[in-house]
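Working notes, structure below.
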Amino acid sequence: MSGLTKRSPEWTGFQESRPYGPKYDLRTDFVMVYGIGADLPERIEGWKRAGYTIHLMTGVSWGQYQDYLYGRFDGRDHWDEAQTDREGKHLLHGKDVPYMVPTISFAEYLATYIKTAIDCGAEAIHMEEPEYWAQSGYSEAFKREWLNYYGEEWIPPHSSPDAQYRASKLKAALYYRTLDRICSQMKEYSLVTYGRTVRFYVPTHSLINYTQWRIVSPEALLVSMPSCDGFIAQIWTGTARTANVYKGVRRERTFETAYLEYGIMQELTRGTGRDMWFLHDPIEDNPRYAWNDYRKNYRATVVASLLHPGVSRYEVCPWPRRVFEGSYPKEDGTGKETIPGDYATVLLTVMNVLRDMHNHEEEAGDSGGRAPYTTGIGLCLANSAMYQRGDVIAEGEDRQSFKYDGTGAPGSLSAEQQELLDWSAFYGLALPLVKKGIPLRPVQLDNILTFPGYLEGYRVLMLSYEFMKPEHPGIHQAIGQWVREGGVLIYAGDGSDPFHGVREWWNRGAGSRTYDRPEEHLFESLGLGRNPEEGEYPVGDGAVIYIQVSPAALSRSEEGAQRVCAGVRRALELRGEAGDYKESGALRIKRGPYVIARALDETDSTSATVLEGRFIDLFEADLPVRNGVELKPGEDCLLYDLNGAGKPALTGEPEILVSSSRIRDERREAGRLVFVSESPAGMTVSTRIRCSAPPRRAVAGGSQPADVRFDPDTGTLLVRYPGDPEGAQVELEW
């Protein structure tokens, strides 16, 4: 008996809690049937009949778990396991839906329902959003877990930075324990019962978002969990529109934030062999925006994700029913409206382009093979950033407990409290480079020890312990080796972070092996002494640049942003690579025939970014052909390059280039092209085909004439016809 079976590719998928519906049947490779209610077998069967590979997704920290809460599962009330803040209030995701303390009992409860999904043939399980709010930690269940974990009585997390740090480390460990237990147990169950493997994935927000929203999650810990097969990066408009500060201005920066979020998630699994899907959401959980707002921000997140070529798998939509059947406010405030037909077509085009992305590698450099941007620049970020995010409002002040999701905050915050909420210490280092068109990569600091060679390819690293801490001294040995081999480390910090004093390895040694702050150990290991002066220091074949300033201060002014960029410029000069520092008004990449670009705003220039060539515009419903594209600051594009390298020369045979449907069963006969087009019902499909002349006959779905428009200048044909999830046969004759 073997549990290993060959499986179909799973490049794209979506999640849906409703039974099968033809209007939101996106024709992806797999569907994540959401929730573990009594109707789960029926819902699985409906999607299975539609031809899908079946996954299950359910919340590991919250869900419709009232039978557990109210004692119907095991005869004991479990409300003592609800996450609770210091005022005794439960943190809720909805009525009777608290965020849970992940106890062993709760893990056993979830396991009973996951068995049902495996019994119904689910091939993969997604345990989503292991989330523990930073301001919680006051429930009776958590106090018990503290005693078991630390061997001492519980300490209120708000009582000191050390208590907050230790509470958060425990929260991450509890969710690691729960996921490891469930995944291992259910993998064994599937093999013993059915002789087949089942995969386990963790859909999770980015480390950047969880830190800013003050949520603790295992994140990098899960990369070392044998039973975890990968992740979904839950990044979308709702996370990326969270305001941050650049040059002293606090506002939404959806593209830049999404770019950094997708970047840290790409780094989470780079070189590990684990799967990663990037998520996009055409709307978001907040239903108060109009379609134009959703559209603008969706485009920004899609473009941001495609600028990270290390990932080519995508969750193309959570909850497609709410996208294609839901109603949202009109611009003029006169009521609500469903999705405009043309925008539905655009979404389907993008979703099918995403499914094609794995077929294409990034084209490196310009025609001379030179890198067009300043590559190899990283900003370190560690799990421990989440451990420093407790209450924003200080003890004794007029305070209120709130779950910050980027949409609201207490109105009485001081400037210092607002800066903490905005997490300006991180963005003060990150945004200046992204805004200058430098493709900064967030670096998962926790992976440095786990994966040898993880820092290969980086020339300059920025690091600060003012918003996170190193969890192992060996990290400094790895950084030291990287510097001595030619890397340049930029360290920014003034030692003012109160979390330097938490009980950790750097201050728990004996005698001379005790350090007040972790960077003292870093500097000493680099041969600079514990407290060097601000400045530049050669170390082996590399160097260290020490900027003795709080990184949060760098977010407050233009001078702060300039200082960050100047540091990177100087670092490359120290490497003898001064000519490699290149600022740009845009971030751009080419992946096969696809050109993805974003013209950056908040720059000194107001000129447009010009893309020369002949392109199909994939963000428009009728897939128009454009001779050159100009992007104003703040605009983006997703294009198909008609003259791109690698395209076969026109031979006279028609060739399907792009479609808002999934194409199968292509057949070319003498003067004839036939294919089957799968798309949700009630939608209009657009397909652009390269051909030498307009067809004399074009039908779709039997005998219905298709709408065709031939462009003799580009030798392309636009064909439009109604969508059909079972497949509409399209016939073109010349």
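All values below were derived from every heavy atom in this structure, side-chain atoms included, with hydrogens, water molecules and symmetry-related copies excluded.
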Does K23 NZ have over 12 foreign heavy atoms under 6.0 Å away?
no
Quick one, E315 with Q234, criterion side chain to side chain contact (heavy atoms under 4.5 Å, CB included). Give me CA distance, side-chain angles, the key distance, then yes/no.
CA-CA 9 Å; E315 181 182 350; Q234 293 182 316; 5.5 Å; no
Contact between L26 and P680 at the side-chain level, heavy atoms closer than 4.5 Å - yes or no?
yes
Just by modelled atom types, is the Q417 backbone N or O under 3.5 Å from a matching donor or acceptor in the S414 side chain?
yes
Nearest non-hydrogen partners of I125 and A117, listed with the distance
CD1-CB, 4.3 Å
Is the NZ or CZ atom of R241 both under 6.0 Å from the centre of the six-membered ring of Y289 and within 45° of that ring's axis?
yes
D25/R27 under salt bridge (Lys or Arg N to Asp or Glu O under 4.0 Å): CA gap, chis, key distance, verdict
CA-CA 6 Å; D25 179 354; R27 307 313 298 155; 3.0 Å; yes
Compare every heavy atom of M265 with every heavy atom of M276, then report the nearest pair and how far apart it is.
CE-O, 3.1 Å
Using a strict 4.0 Å threshold on nitrogen-to-oxygen distance, state whether E145 and K171 make a salt bridge.
no
Could you check whether any side-chain heavy atom of F200 comes within less than 4.5 Å of a side-chain heavy atom of S227, counting everything from C-beta outward?
no
Could you tell me whether a side-chain N or O of S139 sits under 3.5 Å from a main-chain N or O of E81, the two making a donor and an acceptor?
no
Report the residue from Q266, H280, E261 that forms a side-chain hydrogen bond (donor to acceptor under 3.5 Å, both in side chains) with S305.
H280
On a heavy-atom basis, the closest approach of D180 and S184 is O-OG, 2.8 Å
Y68 to T103 - nearest heavy-atom pair and separation:
OH-OG1, 3.7 Å
Taking every non-hydrogen atom, the tightest pair across D422 and A243:
OD1-O, 4.2 Å
Does this structure show an ion pair linking K143 with E153, if we count only N-O contacts that are shorter than 4.0 Å?
no
What verdict does the ring pair (Phe, Tyr, Trp, His ring centres under 6.0 Å) test give for W277 and F231, after you've listed the backbone C-alpha separation in whole Å, the side-chain angles of each residue and the deciding distance to 0.1 Å?
CA-CA 6 Å; W277 286 269; F231 305 85; over 10 Å; no
Full working for side chain to side chain contact (heavy atoms under 4.5 Å, CB included) between L174 and Y149:
CA-CA 9 Å; L174 290 176; Y149 190 79; 6.0 Å; no
Test of understanding: with side-chain contact (heavy atoms from CB on, under 4.5 Å), list the residues that count as partners of R322, not counting sequence neighbours.
D281, I283, D285, W319, Y328
Give a yes-or-no answer on whether the side chains of Q66 and Q64 include a donor-acceptor pair shorter than 3.5 Å.
yes
So, R166 and E504, do they make that salt bridge, N to O below 4.0 Å?
no
For Y189, does the six-membered ring have the charged nitrogen or CZ of K115 within the cation-pi criterion, i.e. under 6.0 angstrom from the centroid and within 45° of the normal?
yes
Would you say R389's side chain and T211's backbone share a donor-acceptor pair under 3.5 angstrom?
yes
Is it the case that R270 places NZ or CZ above or below the six-membered ring of Y454, under 6.0 angstrom from the centre and within 45 degrees of the axis?
yes
Do V223 and T450 have side chains that get closer than 4.5 Å, going by heavy atoms?
no
Any heavy-atom pair between the side chains of V216 and Y387 that's under 4.5 Å?
yes
Can you check side chain to side chain contact (heavy atoms under 4.5 Å, CB included) on Y176 and T178, steps first, answer last?
CA-CA 5 Å; Y176 179 95; T178 295; over 6 Å; no
Per side-chain contact (heavy atoms from CB on, under 4.5 Å), K187 is matched among I118, I182, T197, D229 by D229
Test your reading of the model: is there a side-chain donor-acceptor pair from T239 to the backbone of W236, 3.5 Å cut-off?
yes
Salt bridge between E16 and R43, side-chain N to carboxylate O under 4.0 Å?
no
Ring centres under 6.0 Å, that's the criterion: do H205 and W213 meet it?
yes
When you measure from the side chain of N507 to the backbone of T514, do you find a donor-acceptor pair of N or O atoms at a distance under 3.5 Å?
no
Applying ring pair (Phe, Tyr, Trp, His ring centres under 6.0 Å), run through H93 and Y99 and close with a yes or a no.
CA-CA 7 Å; H93 194 81; Y99 288 85; 5.6 Å; yes
Counting C-beta onward and ignoring hydrogens, is there a side-chain heavy-atom pair between S105 and D74 closer than 4.5 Å?
yes
Aromatic plane relationship, F278 with Y262 - under 30° parallel, 30 to 60° tilted, over 60° perpendicular:
tilted
Criterion ring pair (Phe, Tyr, Trp, His ring centres under 6.0 Å) on Y138 and H158, from CA distance to verdict:
CA-CA 10 Å; Y138 299 81; H158 71 274; 5.7 Å; yes
Could R181 and E108 be called an ion pair, given the rule that one side-chain N must be under 4.0 Å from one carboxylate O?
yes
What's the shortest heavy-atom distance between P130 and V60, and which atoms?
CA-CG1, 3.4 Å
Measure the OG-CE distance between S61 and M127 for me, rounded to the nearest 0.5 Å.
9.5 Å
Between F14 and W47, does the ring pair (Phe, Tyr, Trp, His ring centres under 6.0 Å) criterion hold? Intermediate values first, please.
CA-CA 12 Å; F14 63 91; W47 289 104; 5.5 Å; yes
Assess whether side-chain hydrogen bond (donor to acceptor under 3.5 Å, both in side chains) is satisfied between Q15 and H126, documenting all intermediate values.
CA-CA 10 Å; Q15 68 191 63; H126 297 255; over 6 Å; no
Would you call D80 and R144 a salt bridge, using N to O less than 4.0 angstrom?
yes
In a check of side-chain contact (heavy atoms from CB on, under 4.5 Å) between P282 and each of T237, V323, N297, which one passes?
V323
Tell me if a side-chain donor or acceptor on W11 pairs with a main-chain N or O of L354 at a distance below 3.5 Å.
no
Atom CG of L445 and atom CD of E267: how far apart are they, to the nearest 0.5 Å?
12.0 Å
Here's a test for you: under ring pair (Phe, Tyr, Trp, His ring centres under 6.0 Å), which of Y70, Y109, W79 qualifies with Y65?
Y109
Walk me through it: do D39 and R18 pass the test salt bridge (Lys or Arg N to Asp or Glu O under 4.0 Å)?
CA-CA 10 Å; D39 63 344; R18 300 299 183 101; over 6 Å; no
I want to check something: taking the side chain as every heavy atom from C-beta on, are P41 and T116 in contact at a cut-off of under 4.5 Å?
yes
Side chain to side chain contact (heavy atoms under 4.5 Å, CB included) for Q212 and Y427? Distances and angles first, verdict last.
CA-CA 10 Å; Q212 186 167 9; Y427 287 111; 3.1 Å; yes
K469/D497 salt bridge by N-O under 4.0 Å criterion:
yes
Run the ring-centre check on F142 versus Y132 and record whether the distance is less than 6.0 Å.
yes
Is it the case that over 12 heavy atoms from other parts of the model lie below 6.0 angstrom from the CD atom of E325?
yes
Do the side chains of K89 and D85 get close enough for a salt bridge, i.e. N-O under 4.0 angstrom?
no
